[in-house]
Amino acid sequence: MKVLIQQVHITDPSSPLHGTIQDILIESGIIKDIQPTLSAQADQVISGKNCHCSPGWVDVFANFADPGYEFKETLETGAAAAAAGGYTDVFVIPNTKPVIDTKSQAEYIRHKSSSLPVRVHPIGAISKGTEGKDLAEMYDMRASGAVAFSDGLNPVQSAGILMKALQYVKAFEGVVIQIPDDKSVGSGGLMHEGIISTRLGLPGKPMMAEELLVARDIKLARYTDSKLHFTGVTSPRSLEYIKRAKDAGLNVTCSIAPYHLFFTDEDLVHYDTNLKVYPPLRSKAEKEFMKKAVIDGTIDCIASHHLPHEYDSKVLEFENAKYGMTGLETTYAVLKTALPQVTEEKWVSLLSINPRRIFGLEQPVIKKDMIACVTLFEPKGQTVVDESFFRSRSRNSAFIGHTLNGRIKGIINREKIFLNY
């Protein structure tokens, strides 16, 4: 199949055509030609007017809930949501039923998703059953396609287990992912501990729980000389620890969730359960610090923290509602709205180039004879979020009713094409 993209802005720092407006001809998943103007015949013509084209985006932390929780999401609906959000690659966490802690479970994800428009990469569990007690079959899972290792929503609490995991993955240049949260601190917390939690009468979760685990895990990364990635970082002190670790030459990186740049704990005054997320929303001061950390490069990439839930898990009392929000489809628009001053080149680095570098994924380049793996997006477009907007099976988003800056046109991932309109 031939696809012609007309007059598109190329945003790819690795490409010799970066910053130019070109026509791109794609045939059988390969970029056959790029010229200022092409008159080639094509099966599908895509207007690139006001549109940018970048290497395909990567999400490093999402839950597709398959197997075991298909009433929340499936690999098919999750992939549709990811493609609608501009992603060509997604890492899925191991918190399924059964847990992705064996090579057969990693192979299940790879095989079942092989025909989807998005490449779905399993994150293998660090410990059996994500219980934090015994190491899982990490080497076998790596051979079966596991892109990284994490206990996902159950961050490893044992320093000894995490140290062994960091030592183990060194054999194949693997990366360990942690949500930094010491669960023994503020274990009953439902939101950020502060003035708002006191006013609302909800038990709070102090930022110290995050900072303790960041400090501990950096020491373990230094001891093992291994690769560690923190996701869902929200504390200024945590980010300072991470920056110092980087300056010291450690293989430590981090990502944040888009909704932490948009909402604060003050938005919980109406007890909206869609804003009950993990890690919790912080105060305005923390939000502003995170924005600065995006701009100055302390934050390496963006993780959607896509956690879909069915209606019954969210429409109930706040203390009983499940944690999490859908995020794949709204990530770019949320980022553009929260930080309109950030350049498109910076967003492409955060959404594509940096995650591929950190986790050792192939880096596509927009030039002739290269594999077509691209995201098409409109920085000056608008995204209207309503109930009909979602491709995900779930609708647990606090962005419903918002009009956001930026719009995703679609993806071309080898021979697979997904367009929003």
Side-chain angles (χ1 to χ4, degrees), residues 58-62 89-96 98-111 113-114 119-181 213-233 241-242 245-255 300-301 303 353-363:
V58 181
D59 183 43
V60 301
F61 199 88
D89 297 76
V90 176
F91 299 1
V92 291
I93 59 177
N95 308 99
T96 50
V99 169
I100 306 172
D101 59 2
T102 64
K103 66 177 184 179
S104 62
Q105 291 305 317
E107 288 167 356
Y108 166 83
I109 299 294
R110 294 300 301 273
H111 291 163
S113 62
S114 60
R119 298 178 72 189
V120 182
H121 306 267
I123 298 174
I126 291 172
S127 64
K128 294 178 181 178
T130 66
E131 295 174 353
K133 296 177 181 178
D134 302 301
L135 287 184
E137 301 172 4
M138 298 169 74
Y139 191 88
D140 287 346
M141 283 190 284
R142 177 70 173 194
S144 297
V147 70
F149 295 90
S150 173
D151 276 355
L153 302 175
N154 302 315
V156 177
Q157 302 296 293
S158 165
I161 291 294
L162 190 69
M163 183 182 73
K164 289 179 181 177
L166 287 165
Q167 290 172 326
Y168 199 92
V169 299
K170 283 191 69 177
F172 45 80
E173 292 292 309
V175 184
V176 167
I177 301 174
Q178 277 269 77
I179 291 179
D181 178 26
L213 217 68
V214 169
R216 183 203 76 176
D217 290 359
I218 287 174
K219 290 181 182 295
L220 295 175
R222 178 183 287 112
Y223 177 79
T224 58
D225 190 26
S226 193
K227 295 180 180 180
L228 176 64
H229 181 84
F230 294 109
T231 188
V233 179
Y241 292 162
I242 291 166
K246 289 179 179 182
D247 291 342
L250 302 185
N251 283 315
V252 174
T253 53
C254 68
S255 55
D300 298 278
C301 54
I353 295 170
N354 290 354
R356 289 180 183 277
R357 171 182 53 80
I358 292 166
F359 294 96
L361 267 62
E362 176 186 13
Q363 180 64 62

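Just so you know, these numbers use all the heavy atoms, side chains as well, and skip hydrogens, waters and symmetry mates. Keep in mind that this is a model prediction, so the values were computed, not measured.
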Exercise for the section: Give the intermediate values and the outcome of ring pair (Phe, Tyr, Trp, His ring centres under 6.0 Å) for residues F149 and Y168. Expected result: CA-CA 11 Å; F149 295 90; Y168 199 92; 8.3 Å; no
Practice task
Verify side-chain contact (heavy atoms from CB on, under 4.5 Å) between Y241 and V252, making sure each step is shown before the conclusion.
Solution key: CA-CA 10 Å; Y241 292 162; V252 174; over 6 Å; no
Practice task
Apply side-chain contact (heavy atoms from CB on, under 4.5 Å) to the pair H121 and D89, showing each step before the final yes or no.
Solution key: CA-CA 7 Å; H121 306 267; D89 297 76; 2.8 Å; yes
Problem - Steps toward ring pair (Phe, Tyr, Trp, His ring centres under 6.0 Å) verdict (H229, F359) - result: CA-CA 10 Å; H229 181 84; F359 294 96; 5.4 Å; yes
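In this structure, F172 places its CZ atom where more than 12 heavy-atom neighbours from other residues, nucleotides or ligands lie under 6.0 Å away.
To the nearest 0.5 Å, atoms CD (Q167) and OG1 (T224) are separated by 6.5 Å. Expressed to the nearest 0.5 Å, how far CZ of F61 lies from CG of L153 amounts to 5.0 Å. To the nearest 0.5 angstrom, L361 atom CG is 4.5 Å from F91 atom CZ. The line from CD1 of I353 to CZ of R357 is 9.5 Å long, rounded to the nearest 0.5 Å. Taking CZ of R222 as the reference point, atom CG of L228 lies at 12.0 Å (rounded to 0.5 Å). The structure places NZ of K128 at 11.0 Å from OG1 of T102, a figure rounded to the nearest 0.5 Å.
No option in V156, V233, I93, T231 other than T231 meets the side chain to side chain contact (heavy atoms under 4.5 Å, CB included) test with I179. Put simply, the residue from I161, D225, V176 that forms a side chain to side chain contact (heavy atoms under 4.5 Å, CB included) with L166 is V176. Of the candidates P94, S114, P122, I109 forms a side chain to side chain contact (heavy atoms under 4.5 Å, CB included) with just one, namely P122. Looking at I100, I177, V92 one by one, the single match for side chain to side chain contact (heavy atoms under 4.5 Å, CB included) with I123 turns out to be I177.
The two residues L213 and Q178 make their nearest non-hydrogen contact at CD2-NE2, 3.9 Å. Closest heavy-atom contact between A136 and M141: CB-CE, 3.8 Å. The minimum heavy-atom distance linking K103 with D140 is given by the pair CB-O, 3.7 Å. Shortest non-hydrogen contact noted between S226 and N251 is O-CB, 3.6 Å. Nearest approach of V90 to A62, heavy atoms of both residues: CG1-CB, 3.7 Å. The minimum heavy-atom distance linking R110 with V120 is given by the pair CD-O, 3.6 Å.
Listed for the D101 side chain is no donor-acceptor partner under 3.5 Å among the backbone atoms of S127. Between the side chain of D300 and the main chain of S255, no donor-acceptor pair closer than 3.5 Å is present. One N or O on the side chain of D151 and one on the backbone of I126 form a donor-acceptor pair closer than 3.5 Å.
The closest side-chain donor-acceptor pair between N154 and T130 falls under 3.5 angstrom.
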